Structures are given as structure tokens and as C-alpha cells.
Amino acid sequence: MTSLPLARRRRGRQVLRNTVVGWSFLLPNFVGFAVLTLVPVGLLFYYAFTSWNVFGGAEWTGLENFRQMLHDASFRTALRNTVYYTVFHIPLTLGAALALALLLNQRLRGVAFFRTVAFFPYITSIVALAQVWNMLFSPGYGPINAVLRGIGIDNPPGWTTSADWSMPAVIVVGTWREMGYYMLLFLAGLQTIPGQLYEAAKVDGANAWQRFRAVTLPGLRPTTFFVVVLLTIGSFKVFDVILVMTNGGPGQSTLVLSQYIYQKGFVENQFGYASAVSIALFAICFVITIVQFVINRRGTD
Amino acid sequence: MTLLEVPVADTRLALDPPPARSRRGYRLLGYAALLVAAAAILVPFYWMLMSSLKSNNDVYTIPVQWLPDPVVWKNYVDIWQKSDLTTWLKNTLILSVAVTFLQVFTGSFAAYGFAKVRFPGRNVLFLAYIGTLAVPWQSYMIPQFILFSKLHLSDTLWSIIALQAFGAFGVFLMKQYYESIPDELLDAARIDGMSEYGIYRRIMLPLSVPALASLTLLTLVTTWNDYMGPLIYLRSRDLWTIQIGLKTFVNTYNAEYALIMTGSVLSVLPIAIIFLLGQRYFVEGIASTGLKG
Amino acid sequence: MKRSIAAVLGATAAISLVLTGCSSGDDEGSSSGPQTLTLAGWSFATTPEFKTLADGFHATHPDVTVELKEYDAANYDTQMVADLAAGKAPDIYAQKTLKNFYTYQNGKQLLDVSDVASKLGDKVGGISSYQADGKTWAIPYRQDSWVLYYNKTLFQKAGVSLPDGSWTWDDYATASKELTAKLKAAGSKAVGDYEHIWQSTVQGFALAQTSGATIESGDFSYLKPYYDRALDLQNAGAQVKFGDATTNSLTYQAQFGKQQAAMMVMGSWYIATLLKQQGTGDAEKFEWGFAPAPQQTKATTGTSATPVTFGDPTGLGINPKIGKNKEATAKAFLAYAAGADGAKALAGIGITPADTEAVKDTFFQLPGVPQDDLSKFAFTKHDTKPENPVSKYTAALQNILSDLHTAVMSGSKGVDAAITEAQNRAKTEVLNK
């Protein structure tokens with residue numbers, strides 16, 4: 001009977017000890033993070049309920065900004081385009097990055113060179129990247145349409161100059177640019193999978209595909225989770241690729257939320273409304289991330 | 001997935017070795033495919049390189065000029081004379097190194113707390129980290145700038161260090177990696193009387209070399225290529241980074257495109273070299289071999 | 001007791017003296033002592049006007065040093081908004097785009113400079129653009145206007161008669177098509193005209209030249225004839241297609257400077273650029289001139305009428321946080337920049353100042369500037385309307401009109417459908433929000 005409170009007390013002491021130790025690890029990063037990022041982000045949540053104009057004036061307007069958002073057709077367009085981008089960009093980039101990582105994790109002659117090349121789209125200036133891709137996509141003079149005409153397609157798409165094809169074009173470039181980035185994360189993740197597991201699977205007679213499903217995928221689970229969360233957030237926040245490729249056009253065909261936020265804030269000086277749109281974007285990302293966390297946890301348990 | 005089937009000296013995924021001659025044929029084919037893909041990926045860089053050898057009004061033409069005519073080597077001389085490229089490179093280097101160091105150190109340190117120490121409130125705190133990733137920077141840029149100005153950080157190199165060094169990215173990346181390191185390894189060390197700090201330094205850090213390498217490279221590249229951060233925070237000429245500096249070749253109605261491309265080529269090269277050197281740390285870590293014993 | 005009170009008072013006074021001394025710094029001097037003004041500009045390496053003004057002012061006011069603060073050309077307003085919000089902005093800052101003037105004025109980030117404006121009188125073009133609530137908030141030092149540039153060499157090669165100031169847009173379109181056909185026949189790759197991708201190349205003229213047209217009305221039907229003409233020229237092959245220009249990032253400097261097109265409407269800033277590029281070899285050497293922009297109707301054509309064109313002024317405003325004692329000096333700087341002396345200094349480096357009549361001689365003495373009468377007429381005589389008339393709604397409406405521009409010019413939407421959509425958006429998102 002007496003052992004129960006004792007055990008509880010011992011556990012309590014253990015929790016306290018762990019809390020102190022845990023916080024001591026977090027502190028160097030957390031202090032910087034809390035002061036420099038968390039505080040301004042917190043302010044944003046306040047500004048979303050005001051008519052903030054950046055120069056001090058922030059009149060409390062309650063839910064007015066959110067009400068306005070409900071009736072804002074451009075917001076809906078931006079949201080729809082953002083979802084369009086995200087739905088295609090995530091699986092494409094995930095697939096391309098994983099394939100590259102698997103390929104470049106082999107013992108290859110010149111693997112260092114090939115890895116560097118795969119990373120190049122990410123380090124090359126995004127402006128140069130966008131300009132080259134735009135040239136390739138050029139409806140009248142671009143090599144892509146020249147090839148399409150060559151194989152008998154008489155009316156090839158207008159790509160970045162057409163309302164229907166601008167988003168696919170942007171998705172291709174977004175994937176192209178980021179695959180090397182996520183490849184690097186997968187490459188690191190692949191190193192955690194013990195080689196013996198592959199040997200054992202081979203002995204059991206598993207073919208390459210079976211080994212990939214039984215060994216590689218489960219071993220990459222923490223990395224894949226990380227990559228999927230980052231990709232989701234990154235795709236919802238997509239900004240610079242759009243800005244340099246199409247600047248949202250033609251018309252509003254590639255207008256995305258981040259760009260809309262920038263426009264409302266810095267161009268139209270409605271920072272209160274821009275804050276509210278950011279909060280909406282945040283809420284969407286956050287809910288999806290939490291769902292991903294829950295699924296991930298269920299999978300590991 | 002077909003790429004995976006190309007048996008290029010593969011120890012893990014390849015099919016059982018086919019007869020030697022056809023295997024060599026496959027391998028050559030595989031290399032040829034890789035080289036073609038590599039060339040295709042490098043097209044934008046190639047164009048950048050060629051544009052840096054053109055005169056300004058030849059950069060954008062219809063149709064595209066894939067070879068400069070005439071070749072203008074002068075750009076590579078002009079850029080050093082017309083601009084403070086040395087200062088820009090120096091500042092960029094200082095920032096990249098400092099940010100990377102702090103991000104890797106504090107990030108991996110905090111990640112250990114998140115991954116391997118159980119304490120109440122841990123998950124909520126971690127969600128706060130992830131949550132800030134989901135807020136677009138341009139929406140809280142101004143409140144942050146006002147805060148930094150009050151702290152007398154703006155228009156100093158410290159502002160960029162403070163801005164970039166404590167992000168959620170490094171914490172998240174390292175946490176995920178640590179979670180793939182089995183707890184049994186740590187418990188064994190705890191029984192041996194090692195403190196948590198000792199475990200972090202002696203076991204976790206050496207085991208997470210590939211993750212540290214990718215965090216280092218990604219942070220380095222992000223800081224090196226960052227444009228908006230320095231744009232908002234660094235106003236004095238002598239603090240400019242390369243990305244800001246190159247923008248001085250653009251004014252309202254005109255731009256020196258050839259020089260911008262020259263500068264971009266010069267800015268990409270150091271990163272490419274660092275990457276080439278750094279990628280060798282992506283080898284099967286001791287993490288997986290550690291399980292053997 | 002009394003002594004200690006006196007001591008405390010003395011110490012307090014001393015401390016407050018030290019404190020005020022510290023906080024005001026070089027603001028201390030009266031307007032007669034040496035002073036430093038800070039001035040915001042952008043891209044100094046390629047934009048010499050700020051240094052010219054600073055040096056010119058220092059020459060006449062040796063006590064005053066104007067210190068330049070460099071900003072990014074493309075993100076000037078983003079940086080300036082941040083600096084003003086944090087209270088770190090320079091004493092004087094340029095109003096780079098008229099579109100954003102309302103943000104600064106409405107946000108109380110500009111000092112009333114009505115007294116400077118009243119002293120300058122009405123010789124300075126564009127000053128009315130900076131007036132709101134019955135006061136003047138910035139003073140223009142530069143007023144570009146859009147003109148028609150033409151390549152005499154190509155015109156002669158094609159055997160088409162040069163612009164004579166009598167052109168309407170229909171004359172321009174006819175000439176462009178004729179040039180295209182005849183240049184092709186003469187074995188040249190050049191086309192009739194180049195129309196740059198900016199929305200202003202169509203909308204600026206439509207707004208300025210259509211009587212009764214305003215952006216704020218939310219009625220954009222005035223754009224239709226201008227878009228119909230632009231699309232017709234594209235489809236006739238007389239100018240590069242919009243989609244090809246955007247995807248290939250074409251620059252107007254190369255299109256005109258490398259003789260790819262025989263005509264181009266562009267702002268007067270291009271005069272100095274073309275002169276410079278012909279000097280450095282970036283542009284080819286050919287004979288050129290400029291004429292008044294084509295007109296909507298014959299009523300405003302011919303050298304006896306005043307051609308209607310557009311162009312936004314660039315002005316200087318004063319940060320209200322400037323020290324009281326520096327206010328007078330800052331206003332003197334604005335008066336100098338907009339006045340005859342500043343105008344001459346600017347014309348000397350090829351910039352179109354706000355007062356063009358006063359600098360005609362200086363400007364046309366620059367080496368390489370076309371000497372024909374029509375160029376001189378185009379430079380001095382014009383009714384320049386603002387592209388971005390100042391209002392609360394301008395920035396938001398221009399965003400909608402920009403979407404209309406890319407949709408129509410790329411051919412992804414018909415003119416009528418795009419105008420209807422823009423009008424609906426203007427109504428629901430901006431005007432009746």
C-alpha cells in the first residue's frame with residue numbers, strides 16, 4: 001500500500017527531471033524562436049481582426065475581415081489555384097525526389113557529380129530558371145511546342161500564356177526546382193536503413209520491388225513524413241516560382257494565396273485584411289499538418 | 001520506378017546479376033541515360049553561363065541565342081570593377097556560415113529534447129514550431145521588422161543571423177532523424193551512467209552525420225540565395241549580400257542583364273563546390289551499423 | 001535642504017541637456033549651421049539623378065550635405081513602408097510610383113508642402129497629382145511623358161513617310177502594317193512596331209485620351225478600341241505577340257535598339273538610355289527621332305494642337321518625423337529639385353524634369369539627341385495626364401486592370417468578356433466592398 005504513493009512520487013520526480021533536461025535542450029533555440037518569430041506571428045493574429053494600415057493605425061473591426069473574405073471572389077480564385085498547385089505539386093515532387101534519391105544512393109561512378117547536378121535547379125538563380133523555362137514554353141518559338149508540332153499536334157498549348165495551361169507549366173517548374181532539395185532529405189533518410197535488412201530480404205527471395213516496399217518504404221517513414229509536411233506547407237505557401245514565372249497571370253489563372261496576401265498588404269495597403277487571409281492560409285495548413293501527424297502516429301504505433 | 005531497375009553496380013535494389021556482357025551493355029545504357037538527364041537539368045545553368053558572355057541587348061532575343069555572338073568576356077572583368085562584388089561575397093559568406101552553424105547547433109540540440117526526452121507540453125510546443133512554418137513570412141514581415149528595429153538589430157548583419165538561425169526547419173529535420181535512431185541504444189548508454197548531454201554529443205551527433213550534412217547544405221544554400229531577408233534588413237551598402245547587390249544592376253526602366261547573369265554564375269559556383277564536397281557525407285551512417293553489435 | 005534640492009534640480013537639468021543633446025544629434029544646429037539631410041533613392045549605379053540633385057543642392061547651399069540612402073528599384077515601396085513603419089525612414093523620400101502615393105498620404109507619412117508648391121507656381125508639371133484634401137504632399141522633380149520613337153533608317157529602307165505629328169492611332173496601325181510588309185520585301189527581319197508588355201502601353205493612352213474616362217468609375221469600356229487595335233496589330237504580324245514577348249522576357253531596349261521594330265511608344269526616359277546604349281554599342285547605330293504619341297482623334301493632332309499623352313510624375317516628399325529645425329532645409333531642397341536650377345541639372349544628364357520648357361536648350365545640346373523640330377515639339381508640348389490618378393481605389397483597381405491586360409493580350413479572354421469581368425470585380429471587390 002505504501003509503495004504506490006512512493007512510486008508516484010518517484011515518477012513525479014522523474015517528470016520534473018525530464019522537464020528540466022528537455023527544456024535545457026530546447027532553450028538555446030527556443031529563446032531565439034520565441035522572441036524573433038513567435039511574437040510577430042502572435043501579433044499577426046491580432047492584426048487579422050483590425051483594419052491595420054502598417055503605420056500604427058489598427059482599429060478593431062472584429063470579424064469584418066473574415067466576413068469580407070467570404071464574399072471575395074479573388075480570394076476564392078487564389079484558394080482554388082493554390083489547392084490546384086498543391087494537389088499536383090506534392091505527389092510529383094515526392095515521387096521525383098524519392099526516385100532521384102534511390103538512384104543516386106547507388107554505388108555509381110561519378111555519383112558526386114550527378115548528385116550535384118540534381119541539386120542544381122535549386123541553387124541556380126530562380127530568375128534565370130524561370131526565364132529559361134518560359135523560353136522553353138514560348139508558344140510561338142519554344143522548343144517544347146516545336147516538338148509537339150513535330151509529332152503532329154497542330155495546336156499545342158500556350159503554356160504560360162494560356163489561362164488553362166499556365167498552372168500545369170508552373171507545377172512542372174516548381175517540381176523541377178524542388179526535387180533536388182527533397183532528394184537531399186531522402187538521401188539522408190536512406191542512410192538510416194541498415195544494409196543487413198536488404199541482405200536478409202534478398203535471402204528470403206524478395207525482388208527489387210518487394211524489397212522497396214518491405215524495407216525501404218518503412219525505413220524511410222520518418223523522412224517521408226517530414227518531407228510530406230514540408231511539401232504541404234511549402235506548396236500552400238508557394239510564392240516566388242509563381243512570381244517569376246507568370247506573376248499570377250494570364251488574368252488570375254495562377255494567382256495564389258501568398259501572392260494575394262502580398263498584393264493586399266504591400267500594394268493595396270490593407271494589411272489587416274492581408275493578415276486575415278494569412279490566418280486562413282495558416283489554418284488550412286495547420287489542420288492538414290495535424291491530420292498528417294495523427295495518421296503518422298497511428299502508423300507507427 | 002523503371003530507373004531503379006537499371007542495374008548499375010547496385011547492391012540493394014537491382015535484380016540478380018544478369019550475364020556479364022549484357023550487364024555491361026545495360027550499365028553503359030544507364031550511364032548514357034543519366035548523362036542526357038544531367039545535361040537537360042543543366043540547361044538553365046547553361047543559358048545563364050552563355051548569357052553572361054553576351055552583350056546586354058543580346059540576352060533576350062527571339063529566337064533564343066544558345067551561343068553568344070560575339071563572345072563578351074569583358075563582363076567578367078566589368079563586374080569586379082563596376083560593383084562591390086568582393087564585399088557582397090564576403091558578407092554572404094559570413095552570414096551563411098554563422099546562420100548554418102547556429103541553425104545546425106541549436107536545431108540539433110533542441111531536436112534531441114523533442115525526440116528523446118519525454119516531458120509534458122512537448123507536443124504542443126512542437127506544434128507551435130510547425131505552426132510558424134505555415135504562416136507566410138510576408139504577412140508578419142513588418143511586425144518583425146519593427147521588433148528588430150526596437151532591438152537595434154536592423155541594418156546589421158546580426159539581423160539576418162537572428163532571422164534565419166532559429167527557425168523550425170532544423171529542429172523538425174533533426175527530430176525526425178533522431179526518431180529513427182533506436183531508443184535501446186540510448187537506454188544502454190543511460191544504464192552506463194551517461195548524461196543526456198553526453199548521449200547527445202557522443203552518440204546522437206556522430207550517428208546523425210547524414211542529417212547534419214543535409215541540414216548544413218540546405219541552410220547554407222537558403223541563406224546564400226536569400227533575397228527578401230537581406231532586402232528588408234540590410235540597407236547600408238557595405239552590408240549587402242550578393243543577391244541584393246546583383247539587383248543594383250536593375251533600375252526602374254533598364255537592367256544590365258548580362259552582368260546580372262555574370263554575377264549569378266559567380267554566385268552559384270561556390271555553392272556547387274561546397275555541395276560537391278559535402279555530398280560524400282551521405283553514406284550509410286553508423287546509425288544502421290550500430291545495431292549489429 | 002535647499003542646497004540638496006538645488007543640486008537635484010541642477011543634476012536633472014544637466015541630465016536632460018545631455019539626453020536632448022544625444023537624441024537630436026545633428027538636428028541641433030539652426031538652419032544657419034551645417035546640416036545633413038538624408039534622401040532615399042534607388043539603384044545609384046544606374047540612376048544618377050539623386051546624386052545630381054544632392055550635389056547641385058550642396059553647391060548652392062554649402063552648409064547642407066545631402067546624404068543618399070540606397071533602396072532597391074523593384075522593391076522600393078516595400079522597403080520604404082517597412083522603414084516608415086519602424087520610424088527609420090530618411091528625411092526626404094521619392095514617390096517612386098504615383099500608384100502608392102495614396103498609401104503614404106493616407107497613412108500620414110508625408111509632410112504638408114503646400115507652401116513649396118505655391119512658390120513654384122504652375123510651371124511644374126504633374127504637381128496636381130500630389131494634391132489631396134486641399135493640400136500638396138509631394139513635389140515632382142521629374143515628369144516623363146510617353147512619345148513615339150521611330151527608326152528613320154528603317155522608315156527610309158521601307159520607303160514609308162516619317163511620322164509628322166498628325167497621326168491618330170489608326171494612322172499608326174496603317175503605317176505599322178505597311179512598314180512590316182515593305183521591310184519584309186526589302187529583306188529586313190524588322191517589323192512595324194514593338195509594343196511592350198506593360199499594361200500602360202494600352203491602358204495609359206486609353207485613359208488619357210478618352211474624354212470622360214476614369215478608372216474610379218468602374219466603367220472600363222473606354223479600353224475596347226485600344227485593345228482591338230493592339231490585338232489586330234499582333235494578329236497581322238506587325239508587332240511581336242504578347243505571349244512571345246513575355247515568355248522570352250523581351251526588352252524594349254533591345255527590340256528598338258537592335259532594330260527589330262521600326263516604331264515604339266515609350267516614356268521619355270528612353271531618350272537618355274538609347275543615347276547611352278548607342279554610345280556603348282549595346283544599341284546599333286541608326287538615325288532616330290521621336291514624335292508626339294498617336295492621338296485618338298484628329299482634334300489633338302498637328303503641331304498647332306497640344307497632343308494628349310500620359311506619364312506619372314516622380315516626386316519628393318518629406319518624412320513628418322524630420323526634426324523641426326530641418327523642415328525648412330528639406331523644403332528648400334524640394335524647391336531646388338523642382339525649380340529651374342534642378343531642372344537644368346537633370347536635363348544635363350538626359351532626364352525629363354517637371355519643367356520641360358525651361359530646359360529645352362540644355363536637353364537638345366546633349367550629344368546624339370535628334371535635332372529635328374518634331375522631336376523638340378514632342379519634348380516640350382504635351383498634355384500629360386497621370387496614369388494613376390490619385391484615389392483610395394487606384395492601387396486595387398490597377399491590379400484588376402493588370403489581370404485584364406494579361407488575359408486579353410495573351411488571347412486567353414475576349415476583349416468584351418474581360419472588360420465585363422473586370423467591371424464586376426471592380427464593383428464587388430473594390431468600389432462597393
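Values in this document were obtained by computation on a predicted structure and should not be read as measured data. Sequence lines set the chain letters: A, B, ... in the order given, protein chains first and strands last, and positions in each chain run from 1.
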**C:Ser412 versus A:Pro250, closest heavy-atom pair with distance** = OG-CB, 3.6 Å

**Prompt:** Non-hydrogen atoms of chain C under 4.5 Å away: do they reach the side chain of A:Gln68, the backbone, both or neither?
**Reply:** side chain

**Request:** Against chain C, work out which of A:Ser162, A:Pro139, A:Ala130 has the most heavy-atom pairs shorter than 4.5 Å and name it.
**Result:** A:Pro139

**Contacting region of A:Thr160 [heavy-atom separation from chain C under 4.5 Å]** = side chain

**Minimal non-hydrogen separation, A:Val267 against C:Asn100, with atom names** = O-OD1, 3.8 Å

**Asked** Please walk me through it: do A:Asn269 and C:Tyr102 pass side chain to side chain contact (heavy atoms under 4.5 Å, CB included)?
**Response** CA-CA 9 Å; A:Asn269 196 27; C:Tyr102 179 81; over 6 Å; no

**Message:** Need one label for C:Thr428: side chain, backbone, both or neither, based on atoms under 4.5 Å from any heavy atom in chain A.
**Reply:** neither

**Asked** So which of C:Val430, C:Asn399, C:Thr394 actually passes side chain to side chain contact (heavy atoms under 4.5 Å, CB included) with A:Glu268?
**Response** C:Asn399

**Message:** When you compare the side chain of A:Thr161 with that of C:Thr246, does any pair of heavy atoms fall below 4.5 Å?
**Reply:** yes

**Request:** Count the heavy-atom pairs under 4.5 Å between each of A:Ala163, A:Ser166, A:Ser138 and chain C, then report the option with the highest count.
**Result:** A:Ser138

**Asked** If you look at every heavy atom in A:Gly249 and C:Thr406, which pair is closest and at what distance?
**Response** CA-OG1, 4.4 Å

**Item:** Best-contacting candidate, C:Asn424, C:Val408, C:Thr97, C:Asp244, against chain A by heavy atom pairs under 4.5 angstrom
**Value:** C:Asp244

**Prompt:** Which residues, numbered in order, of residues 35-48 of chain A come under 4.5 angstrom of chain C by heavy-atom distance?
**Reply:** none

**Fill in**
The interface call for A:Tyr262 against chain C, heavy-atom contacts under 4.5 Å, is side chain

**Message:** Under a 3.5 Å cutoff, is there a donor and acceptor pairing between the side chains of A:Tyr141 and C:Thr247?
**Reply:** no

**Asked** So which heavy atom on C:Val81 is nearest to which on A:Phe266, and how close?
**Response** CG1-CE2, 4.4 Å

**Prompt:** Checking A:Asn134 side chain against C:Asn248 main chain: does a donor-acceptor pair fall under 3.5 Å?
**Reply:** no

**Prompt:** Within a reach of under 6.0 Å around NZ of C:Lys88, are more than 12 heavy atoms found that belong to other residues, nucleotides or ligands?
**Reply:** yes

**Message:** Just so I know, are the side chains of C:Arg425 and A:Gln252 near enough to count as touching, which here means a heavy-atom distance under 4.5 Å?
**Reply:** yes

**side chain to side chain contact (heavy atoms under 4.5 Å, CB included) partners of A:Ala78, counting only residues at least two apart** = A:Leu255, A:Leu257, A:Tyr260

